[in-house]
Amino acid sequence: MILPFILAIEDESSQEVMIRLYERSLKRMFREARKYASIQEVIEDIVSDSIVQLVDKVELLSELEENKRIAYAITTVRHMAYRYLRREKLLQMTSFDNLEAFLAAPSESVDDAILREERRAKMRELLGSLPTEDLLLLEEKYILEWTDAEIAATLGIQTSSVRMRLTRAKRRVSKALSKQGFQLNDWL
């Protein structure tokens, strides 16, 4: 059953994008929500709130490739679960299992593939060592492309604080990358 607020999208191509995303990612979205909540009503609320958030971002989603849309949807569920957990004071660590979808590259040489896999492993290690708030800030800003106001609402901070916290989080990531032997230009 397609949710009514997806069917309410006026632009047909945007509606098709959302219907396709809904059909292809719904099971994964529920699976992700179950990692953070065990009560079925809460899981359904998390997924439903995520879909509402995705409908608001339909223009951005229309520009993404299919696999990135699905990863975006899963990341949105993770953030909605974080909001729930924060509200309930049951904060848990965020998983980055789906980050690889954003790091995937089109056809490449064997050497490039090996280097990419090495970088992925380093990135997983690095992300696992970051504080949860840094992880959420960076994910919301650079993967989900949320505004400072949306990020502030998620983390319960003032909008004016978002830039400074992002700067500090990026510095910590840069410092951690340097400790692992990578320079920033290696990642660009």
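By convention here, the first residue in the shown sequence is residue 1. Both backbone and side-chain heavy atoms feed into the values below; hydrogens, waters and symmetry mates do not.
- Put simply, CD1 on I46 and OH on Y36 are 9.5 Å apart, with the number rounded to the nearest 0.5 Å.
- Using a 4.5 Å cut-off on side-chain heavy atoms (C-beta onward), Y72 and L21 make no contact.
- In this structure, T75 and L144 have side chains that are in contact, with non-hydrogen atoms separated by less than 4.5 Å.
- Between the OG1 atom of T159 and the CG atom of D148 there is a distance of 7.0 Å, given to the nearest 0.5 Å.
- For the pair H79 and Q53, the minimum side-chain heavy-atom distance is 4.5 Å or more.
- M29 is not listed as a side-chain neighbour of Y22, based on a closest heavy-atom distance of 4.5 Å or more.
- Atom OG of residue S38 and atom CD1 of residue I43 lie 6.5 Å apart, to the nearest 0.5 angstrom.
- Comment: E66 engages R20 in a salt bridge, judged by a side-chain N to carboxylate O separation of less than 4.0 angstrom.
- Under the 3.5 Å distance criterion, the side-chain polar atoms of S25 are left unmatched by any main-chain donor or acceptor of R28.
- Rounded to the nearest 0.5 Å, atoms CG (D11) and CE (M18) are 12.5 Å apart.
- Here the closest non-hydrogen pair linking V77 and A33 is CG1-N, 3.7 Å.
- Nearest heavy-atom pair, R69 versus S62, reported as atom, atom and distance to 0.1 Å: NH2-O, 3.4 Å.
- With a 4.5 Å cut-off on side-chain heavy atoms, Y84 and D45 do not count as touching.
- Separation of atoms NZ (K57) and CD (E59) is listed at 10.0 Å; rounding is to 0.5 Å.
- Between K170 and Y142, the closest side-chain pair of non-hydrogen atoms falls below 4.5 Å.
- Partner of L54 under the side chain to side chain contact (heavy atoms under 4.5 Å, CB included) criterion, out of D49, L61, V17: L61 alone.
- Annotation: side chain of F30 is in contact with side chain of Q40 (closest heavy-atom distance under 4.5 Å).
- Shown here for L26 and V47, the closest heavy-atom pair between the two residues is CD1-CG1, 3.9 Å.
- In this structure, CE in M164 is found 9.0 Å from OG in S161, a value given to the nearest 0.5 Å.
- Between R163 and K141, the closest side-chain pair of non-hydrogen atoms falls below 4.5 Å.
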